[in-house]
Amino acid sequence: MGCDRNCGLITGAVIGAVLAVFGGILMPVGDMLIQKTIKKEVVLEEGTTAFKNWVKTGTEIYRQFWIFDVQNPQEVMMNSSNIQVKQRGPYTYRVRFLAKENITQDPKDNTVSFLQPNGAIFEPSLSVGTEADNFTVLNLAVAAAAHIYPNPFVQVVLNSLINKSKSSMFQVRTLRELLWGYTDPFLSLVPYPVTTTVGMFYPYNNTVDGVYKVFNGKDSISKVAIIDTYKGKRNLSYWESYCDMINGTDAASFPPFVEKSQVLQFFSSDICRSIYAVFESDVNLKGIPVYRFVLPSKAFASPVQNPDNHCFCTEKIISKNCTSSGVLDISKCKEGKPVYISLPHFLYASPDVSETTDGLNPNEEEHRTYLDIEPITGFTLQFAKRLQVNILVKPSNKIQVLKRLKRNYIVPILWLNEVCIFSC
Ligand SMILES: *[C@@H]1O[C@H](CO)[C@@H](O)[C@H](O)[C@H]1NC(C)=O
Ligand SMILES: *[C@@H]1O[C@H](CO)[C@@H](O)[C@H](O)[C@H]1NC(C)=O
Ligand SMILES: *[C@@H]1O[C@H](CO)[C@@H](O)[C@H](O)[C@H]1NC(C)=O
Ligand SMILES: *[C@@H]1O[C@H](CO)[C@@H](O)[C@H](O)[C@H]1NC(C)=O
Ligand SMILES: *[C@@H]1O[C@H](CO)[C@@H](O)[C@H](O)[C@H]1NC(C)=O
Ligand SMILES: *[C@@H]1O[C@H](CO)[C@@H](O)[C@H](O)[C@H]1NC(C)=O
Ligand SMILES: *[C@@H]1O[C@H](CO)[C@@H](O)[C@H](O)[C@H]1NC(C)=O
Ligand SMILES: *[C@@H]1O[C@H](CO)[C@@H](O)[C@H](O)[C@H]1NC(C)=O
């Protein structure tokens with residue numbers, strides 16, 4: 001995995017690194033010079049080093065997926081056994097290759113607003129199979145409908161439609177269907193359905209993320225790239241109190257002159273929240289010294305271990321009255337669907353979260369998230385952002401295919417790694 005020859009971002013960082021060397025020799029005069037140059041070049045406006053790369057990233061960014069193929073669907077449905085999973089992957093897509101759109105500078109408050117269009121192109125050479133590979137996975141429509149409509153009378157109706165469409169608790173879908181959408185036979189029988197198309201990332205192509213409005217840094221370089229508003233708002237309206245705030249940048253860069261003691265805040269629309277990374281180690285990327293920042297386990301801890309997280313605990317059952325760690329209920333951000341985000345293989349999660357799933361093997365090396373940041377410019381030169389998507393399934397008296405379950409399941413569907421590896 002490499003970057004284009006013409007790596008704007010890297011060029012900027014190299015300049016930064018070179019300046020750093022000079023800075024060491026010429027201090028303190030050189031130090032002033034560096035500060036001035038950097039401050040000028042990281043502003044987000046036409047003509048700067050940062051701007052060019054910011055509009056359209058010069059590096060190749062990939063999203064690798066691992067799908068959890070269920071080995072014992074009948075056994076789970078009939079006997080409420082543990083779910084036996086086998087991960088298959090990576091299946092790799094190139095993402096974030098489209099330029100930002102509708103870029104509008106606002107000189108009044110020194111911000112720039114834009115849309116980030118979504119796109120994904122399959123990369124067979126970086127994948128273990130094709131988009132037509134089949135997987136046994138949870139029936140997403142059945143799980144979501146049972147959760148959204150708990151009313152027993154409605155569930156009786158749903159049950160007859162599930163039965164009529166020959167749907168079950170699990171289903172076989174191709175990679176392409178699972179990720180990007182398929183017409184669900186059960187939803188197709190629902191009168192006046194909201195949608196009949198289901199997929200983990202449906203819709204994706206031809207959609208945009210945003211509008212984002214970020215500070216361009218012209219008045220104060222310490223604010224550059226920090227998000228002012230997202231979709232016109234400063235808060236998300238998914239969480240209570242400070243958990244709802246949109247903090248920091250989008251993690252592609254941070255304000256320059258990053259220090260090891262800093263807590264780097266960023267917002268990720270994928271997980272519907274702001275989060276943070278802390279310094280872990282010095283790393284040398286082909287001669288460029290960078291700081292490795294990681295998402296600490298504390299960020300996923302239960303409110304018992306980390307009281308700051310109390311407002312990310314939104315329900316009592318799965319979280320065991322907010323004593324359980326490692327899963328985030330984002331149903332509010334997913335039209336009520338019971339979607340739970342965790343780290344891959346439930347890394348850092350409490351044992352009760354993964355006790356209904358066999359075949360997982362969490363380890364920090366493969367499953368944590370890190371950002372390698374060139375400290376002078378604040379640019380993120382290399383990263384691995386990892387997360388797992390899970391869906392909650394509860395037993396239901398009225399729905400035959402969920403009737404024999406004896407407990408709640410947080411069913412892992414897939415995990416992903418969004419990466420840019422530094423190798424220009
Ligand atoms: C369920 O358990 C029973 C008793 O252990 C066993 O005979 C049966 O084969 C199991 N059913 C499935 C679908 O595995
Ligand atoms: C982006 O700009 C185009 C052309 O000016 C406009 O038609 C479109 O509505 C804008 N999109 C959004 C979401 O503002
Ligand atoms: C999305 O668009 C790309 C080309 O821009 C195409 O290769 C890919 O197949 C599309 N994906 C879906 C799910 O339609
Ligand atoms: C996946 O299953 C479908 C339907 O059974 C089949 O047509 C297709 O060939 C399978 N894909 C692969 C790669 O085996
Ligand atoms: C539908 O219900 C009938 C009668 O209860 C049952 O025999 C049949 O197995 C069910 N079909 C499915 C796909 O569950
Ligand atoms: C956003 O939430 C914070 C923390 O609860 C609050 O202080 C602030 O007033 C809210 N801002 C807006 C614009 O609602
Ligand atoms: C957002 O930033 C404020 C101020 O630094 C902090 O108090 C709050 O906890 C942060 N919220 C999130 C969700 O990171
Ligand atoms: C949660 O707390 C309530 C009240 O304190 C208690 O009745 C309930 O049993 C607790 N539930 C769990 C899952 O611990």
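Side-chain atoms are counted along with the backbone in the values below, which use heavy atoms only and exclude waters and symmetry mates. Note that ligands are numbered from 1 as they come in the structure, with each ligand's atoms numbered from 1 the same way.
For ligand 7 and C243, the ligand atoms under 4.0 Å from any heavy atom of the residue are 13 (C). In the vicinity of W180, heavy-atom distances shorter than 4.0 Å reach the ligand 3 atoms 13 (C). Atoms of ligand 7 lying under 4.0 Å from at least one heavy atom of Q265, given by number and element, are 1 (C), 2 (O), 10 (C). Shown in contact with N79 at under 4.0 Å from a heavy atom are these atoms of ligand 1, numbered in order with element: 1 (C), 2 (O), 3 (C), 8 (C), 10 (C), 11 (N), 12 (C), 14 (O).
Two rings, from W415 and F346, have their centers 6.0 Å or more apart. Ring centroid separation for the pair Y291 and F279 comes in under the 6.0 Å cut-off. The aromatic ring centres of F293 and F266 sit 6.0 Å or more apart. If you look at Y230 and F267, their ring centroids are closer than 6.0 Å.
Taking only non-hydrogen atoms, the option from N247, N235, V263 nearest to atom 6 (C) of ligand 7 is N247. With Q74, R404, M77 as candidates, the residue nearest to atom 13 (C) of ligand 1 on a non-hydrogen basis is Q74.
Here the protein heavy atom with the shortest distance to atom 5 (O) of ligand 3 is I121 CG1, 4.4 Å.
Ligand 3 lies within reach of A120, whose nearest heavy atom is under 4.0 Å from it.
Under the 3.5 Å distance criterion, with hydrogens and angles disregarded, a donor-acceptor pair is assigned to the side chains of T314 and D329.
A salt bridge is defined here as a Lys NZ or Arg NE, NH1 or NH2 lying under 4.0 Å from an Asp or Glu carboxylate O, and K385 with D270 fails to meet this definition. Classification of R96 and E418 as a salt-bridged pair holds, one side-chain N sitting under 4.0 Å from a carboxylate O.
Looking at Y242 next to ligand 7, an N or O pair under 3.5 Å apart turns up. Inclusion of N205 in the set of residues having an N or O under 3.5 Å from an N or O of ligand 3 is warranted.
If you look at R273 next to ligand 7, there are no close heavy atoms at all, none under 4.0 Å.
Protein heavy atoms are found less than 4.0 angstrom from atom 11 (N) of ligand 1.
Scanning all heavy atoms of the two residues, the minimum distance from L44 to Q105 falls at O-NE2, 2.9 Å.
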